[in-house]
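Take a look at the structure set out below.
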Amino acid sequence: MGKDQINAPKGVIEYVPPSSSHFEEVVTLLSILAKQFGYQPIVLPIFEETNLFQRGVGESTDVVQKEMYTFEDRGGRSLTLRPEGTAGVMRSVIENNLDRGQLPVKVFYTGPFFRAERPQKGRYRQFHQFGVEAIGYEDPEIDFEVIALANSAYQKLGLKQFTLQLTSLGDSQSRAAHRAELVKYISKLELDDETLQRAKLNPLRLFDDKRTEIQEMMKNAPILLDYLNQDSINHFEIVKKLLNSSSIEFEINPRMVRGLDYYTKTTFEFVHPLLGAQSGIGGGGRYDGLMSELGGQELSGIGFGLGLDRILLALEAEKISIVDNSQLDIFLVPINQEAKEFSALLAQVLRIHGLKVDIAYGNRSLKGGMKAADKQGAKYSCVIGEDELASRQLSLKNMMNEGVNVPSTISIPNLSQLEKIIASSNAVSQKGSNNLSNEGIELVHQIKKLLS
RNA sequence: GUGGGCGUAGCUCAGCUGGUAGAGCACCCGGUUGUGGUCCGGGAUGUCGCGGGUUCGAGUCCCGUCGCUCACCCCA
């Protein structure tokens, strides 16, 4: 730890080997799943005009009030690193006229998001989300689909201990009726200035306060669920029915509050019990007014964001590993200069033909090379030295067996033949036809046979 | 923005009432000439976060500072 050392900025999280493989695998699995549900990828900018979030996320939210990374570009425009995903998706859908085609528009995205908060476990200034949005369909079946997708995602990753919390915030009519009553209730409470200020911006926030005295005061506060109009009730009932029919367990949490202003009707949150204070591993809901608020058509939408960093923490907490560590087919261990060069070319041939191959770099001893092969989880190791190059016979040692095992022997070309094989292999990949020389066919065939 | 905890080898940490640093894991080498996993032996690494103070002497006490971490607010 030199004093000139430069460290990562406060509050960021980075994934380096070996945990980076887990991160990548999670993203891969979620992407595959989203495609199965009929969602297409969308790749969006990481910064947007500041206006977008002020209007889309809502001025009253903490996100906009104090957590945005906002800066001016050289042209004097105010830009902001995206604090969430939905607003940007809506902007892009409108701008690219995706809402003029077939509806609903179903997209998924992943990447980093930014909020200038005090970091703690599971909460970072740069964090990562995977999200989906379904835009332009207002019936409850799509609510069900989105929730089912999130639920399947956690299941597919192997998580067992998560729970789904569900409520309905109603439509604007229902909310107005409830808000009036709630404000009346809150006005009778004795609150400190800061809390009062917050309640003024959005009275629902008080339901989410973790301080016991506040919770005590809110015990008898009017609940939004009691103020839903018939349309909102019907919508919610169908969502619940579909969830029940598909055996997706949930609990109604009428005090659930989401941090973004745009949510209406169905809202939900997945929580995990082993994560500490930041227990939400994903959440979302319906946002029926958002698109018109941003200048688009009157189209409804629903989506979710899953916190990838928290999912990684949850996997760790449940001791689930989603990557296999037998990553290599063959690990080459060259033990002299000539063998090193030969190995470099041999590895190239095998890699071109789809085998996972690595070489013992930098280890001076044979034992060290073998240990490296073991650590990498290679299926076979292969020592290459004087004898092998002279006899043109390679012994592949099976690293998966315990105890004694007889090495399998294959014959190999010499260095100049290897060069020709590589040349012909390259021709294969370009033309798509099989130009591989006889030696090349024989070599690859021998090895693939061994591996199968 | 507020509060608690912690900063000692690459990692996890020990170091009682002050006497110039240790363990485990990891890493490297070796255990008869060229074969991993277990076992045994050996080895390298730290300005004890930084600065100042008290003291003959500070990782150990005091002050400051920086960093990390957990929690509140809030959220993924």
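The chains referred to below are lettered A, B, ... by the order of the sequence lines, with proteins before strands, and numbering in each begins at 1.
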When you measure from the side chain of A:R91 to the backbone N and O of A:T86, does any donor-acceptor pair fall under 3.5 Å?
no
Compute both the distance and the angle, then confirm whether A:R82 meets the cation-pi test with A:F113: under 6.0 Å from the six-membered ring centre, within 45 degrees of the axis.
yes
Between B:rC16 and B:rG22, how far is it from one C1' atom to the other, in whole Å?
15 Å
Upstream residue (5' side of RNA chain B) when A:V63 and A:S395 are each assigned their closest nucleotide:
A:S395
Quiz question: going by heavy-atom distance under 3.5 Å, is there a donor-acceptor pair between the base of B:rG36 and the side chain of A:D374?
yes
Is a side-chain N or O of A:K106 found less than 3.5 angstrom from the main chain of A:K35, in a donor-acceptor match?
no
In Å, rounded to the nearest 0.5 Å, how long is the span from CD1 of A:I330 to CD of A:Q376?
14.0 Å
Expressed as a whole number of Å, how far does the P atom of B:rC72 sit from that of B:rG37?
47 Å
Reckon A:I311 touches a base, only the sugar-phosphate, or nothing at all at heavy-atom distances under 4.0 Å?
nothing
Does A:Y15 OH have over 12 foreign heavy atoms under 6.0 Å away?
yes
Can A:E145 and A:Y39 be said to form a side chain to side chain donor-acceptor pair (under 3.5 Å), step by step?
CA-CA 11 Å; A:E145 178 183 285; A:Y39 291 74; 2.7 Å; yes
Could you give the distance separating B:rC48 and B:rG10 at their P atoms, to the nearest angstrom?
12 Å
So what is the 5' to 3' dot-bracket string for RNA chain B, if pairs are Watson-Crick or G-U wobble with both distances under 3.5 Å, crossing pairs use [ ] and | means the partner sits on another strand?
(((((((..((((........)))).(((((.......))))).....(((((.......))))))))))))....
On a whole-Å scale, what distance lies between the C1' atoms belonging to B:rU32 and B:rC40?
16 Å
Quantified in whole Å, what is the P atom distance between nucleotide B:rA26 and nucleotide B:rC11?
15 Å
Please answer whether B:rA76 and A:F127 are stacked, defined here as ring centres separated by less than 5.5 Å and planes angled under 30°.
yes
Rounded to the nearest angstrom, tell me the gap between atom CD in A:Q393 and atom P in B:rU35.
19 Å
Protein proximity profile, nucleotides 65-72 of chain B - base contact B, sugar-phosphate-only contact S, no contact -, cut-off 4.0 Å on heavy atoms:
---S-SBB
Can you figure out which of B:rG36, B:rA76, B:rC27 approaches the side chain of A:D309 most closely?
B:rA76
Rounded to the nearest angstrom, tell me the gap between atom CG in A:N7 and atom C1' in B:rG7.
13 Å
Touch class at under 4.0 angstrom, heavy-atom based, for A:E386 against every strand present:
base
What is the distance from CG of A:L366 to C1' of B:rU33, rounded to the nearest Å?
12 Å
May I ask you to check whether A:Q417 and A:R392 show a side-chain donor-acceptor distance below 3.5 Å?
yes
If I take atom CD in residue A:E67 and atom P in nucleotide B:rG1, what distance separates them, rounded to the nearest angstrom?
13 Å
Span that lies between the P atom of B:rG5 and that of B:rC63, in whole angstrom
13 Å
Among B:rU35, B:rC75, B:rG31, find the nucleotide with the atom closest to the side chain of A:K367.
B:rG31
Which whole number of Å gives the distance between the C1' atom of B:rG46 and that of B:rC13?
15 Å
Round to the nearest Å and state the distance from A:L312 atom CG to B:rA76 atom C1'.
13 Å
Can you tell me how far P in B:rG18 sits from the matching atom in B:rU55, rounded to whole Å?
16 Å
What's the closest nucleotide to the A:K375 side chain, out of B:rG37, B:rG34, B:rC27?
B:rC27
Name the nucleic acid region contacted by A:E388, choosing base, sugar-phosphate or nothing; use a 4.0 angstrom heavy-atom cut-off, strictly under.
base
Answer with yes or no whether the side chains of A:E117 and A:Y124 bring together a donor and an acceptor at under 3.5 Å.
no
Could you pull out all residues at least two apart from A:D309 that satisfy salt bridge (charged side-chain N to carboxylate O under 4.0 Å, His left out)?
none
Out of B:rG30, B:rG34, B:rA76, which has the shortest distance to the side chain of A:D387?
B:rG34
Of A:D171, A:D143, A:T267, A:T266, which meets side-chain hydrogen bond (donor to acceptor under 3.5 Å, both in side chains) against A:R286?
A:D143
Side-chain H-bond candidate by donor/acceptor type, A:T70 with A:T80, under 3.5 Å
yes
Presence of salt bridge, A:D329 and A:R351, under 4.0 angstrom:
no
Counting just side-chain N and O atoms, does A:S381 come under 4.0 Å of either OP1 or OP2 of B:rU35?
no
Roughly how many Å is it from CE in A:M399 to C1' in B:rU35, rounded to a whole number?
8 Å
Of B:rA26, B:rC73, B:rC75, the nucleotide closest to the side chain of A:R205 is B:rC75
Give the rounded distance in Å between these two atoms: CG of A:D62 and P of B:rC75.
6 Å
Roughly how many Å is it from CE in A:M256 to P in B:rA76, rounded to a whole number?
10 Å
